[in-house]
Amino acid sequence: MNIGAVPYWNVRPLIYGIEDRVTLLEPAALADAMHRRQLDAGMVPLAEVLAHDQYDVLDGIAIAARGAVRSVFLAHRVPLTELRRVAVTPASRTSVWLLHVLFQLRTGRVPVFYPKPPGAKLSEHEAMLLIGDEALRYAWRNGERAVWDLGAAWVEQTGLPFVFAVWAFQRGLAGGLPAVLRQAKAAGLAHLEEIVQNATDAAPELLREYYARCVWYDLDDAAKEGIRRFQRYLQEFGLIQRSHDLRYIA
């Protein structure tokens, strides 16, 4: 079975012990591969399962935030209410959609979004959306001043967790993989310090704090309500044309 995931630190505890079976792709590329049915399963961005009704979603496991997530945020030089243009990463539709929704809810208007060029510097833009490992490294180097953390902003607005990604399967093709993925998650969470020590591309103290305080791996009732709320906003603000109920499997 072909399995995909993103090449970010947040997914490593979920693929512990099965890394050799997983193809790593940037979020948008992963979503496209799943939609084209080139992958049987993937830890896909939430936007993909909300946009296309072709998946079964594994219950109980997610990449989520219950507050500041530190790996998805808007770095800005101009006050949020005065922003006219925002450089957004083309790698993540979920984060761009979330940013759109949060601007609507907070200011009633959405700045112009345009693709963030490689190697972009904040001094060259009014604001730029950062995600994943790039965002964590930026926050580690620069601190959190003039940063709008989208996980924290969502929770402050709704009182609900935000789900960034879920395990999705092409409908009817999950087979025995759910049990494998649950075992991988349990093993990963039991070996977080090993994952931290084996990471050659991040400071150990950064990863320890991230895993302990910022990223959550449970898809519980509150997280599912957060998904439904996000889905409702997407339709209300015209980002999706129609919604569907997600099909969860054990």
Side-chain angles (χ1 to χ4, degrees), residues 4 6 8 10 25-37 42-57 62-65 69 71-76 80-116 125-132 135 148-168 171 219 222-248:
V6 296
Y8 298 157
N10 58 16
L25 298 167
E26 291 292 330
L30 174 61
D32 288 343
M34 284 290 291
H35 183 51
R36 293 193 295 264
R37 304 181 191 276
M43 173 52 71
V44 300
L46 181 64
E48 175 59 23
V49 299
L50 296 181
H52 302 114
D53 186 13
Q54 69 183 64
Y55 304 109
D56 295 325
V57 175
I63 295 176
V69 68
S71 55
V72 182
F73 59 75
L74 186 73
H76 57 98
L80 295 176
T81 55
E82 299 175 16
L83 281 173
R84 297 169 299 170
R85 290 168 53 81
V86 174
V88 300
T89 173
S92 174
R93 297 172 190 136
T94 300
S95 300
V96 173
W97 280 3
L98 176 57
L99 184 62
H100 183 114
V101 166
L102 289 172
F103 267 120
Q104 284 279 17
L105 295 175
R106 176 162 176 160
T107 70
R109 55 176 289 275
V110 179
V112 173
F113 291 172
Y114 63 96
K116 180 170 70 69
H125 305 273
E126 291 185 13
M128 57 186 191
L129 176 64
L130 300 177
I131 68 164
W148 193 27
D149 188 289
L150 301 196
W154 172 264
V155 174
E156 290 167 6
Q157 182 69 44
T158 66
L160 296 166
F162 188 82
V163 174
F164 288 95
V166 294
W167 278 118
R171 186 154 296 153
L219 182 60
K224 291 177 186 175
E225 181 58 32
I227 291 175
R228 288 189 289 270
R229 181 76 63 86
F230 186 54
Q231 190 175 33
R232 189 164 74 242
Y233 286 141
L234 292 179
Q235 191 165 15
E236 179 181 341
F237 298 142
L239 295 169
I240 59 175
Q241 296 303 309
R242 58 183 179 273
S243 61
H244 56 272
D245 293 333
L246 298 188
R247 301 189 184 192
Y248 295 103

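Residue indices begin at 1 and follow the sequence shown.
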Ignoring hydrogens and angles, tell me if any N or O in the side chain of Gln54 forms a donor-acceptor pair with the backbone of Met34 under 3.5 Å. yes
With a 3.5 Å distance limit and no angle check, can you tell me whether Tyr55 reaches the backbone of His35 through a side-chain donor-acceptor pair? yes
Do Gln231 and Ser243 meet the criterion of a side-chain donor-acceptor pair at a distance under 3.5 Å? no
Inspect the contact between Arg93 and Asp32 and indicate whether a charged nitrogen and a carboxylate oxygen are less than 4.0 angstrom apart. yes
Over 12 non-hydrogen atoms of neighbours within 6.0 angstrom of CZ in Arg84: no
So Val155 and Phe162, side-chain contact (heavy atoms from CB on, under 4.5 Å) or not? Walk me through it. CA-CA 7 Å; Val155 174; Phe162 188 82; 5.7 Å; no
Distance-only, no hydrogens or angles: does the Ser71 side chain make a donor-acceptor pair with backbone N or O of Ala135 under 3.5 Å? no
Given 3.5 Å as the limit, does a donor-acceptor pair link the side chain of His76 with the main chain of His125, or not? no
Between Gln104 and Tyr233, is any side-chain donor less than 3.5 angstrom from a side-chain acceptor? no
Less than 6.0 Å separating the ring centroids of Trp148 and Phe103? yes
Between Asp56 and Arg171, does any side-chain N to carboxylate O distance fall below 4.0 Å? yes
What's the separation between atom CD in Glu156 and atom CG in Leu105, rounded to the nearest 0.5 Å? 12.5 Å
Return the orientation label for the Phe237 and His100 ring planes: parallel under 30°, perpendicular over 60°, tilted otherwise. tilted
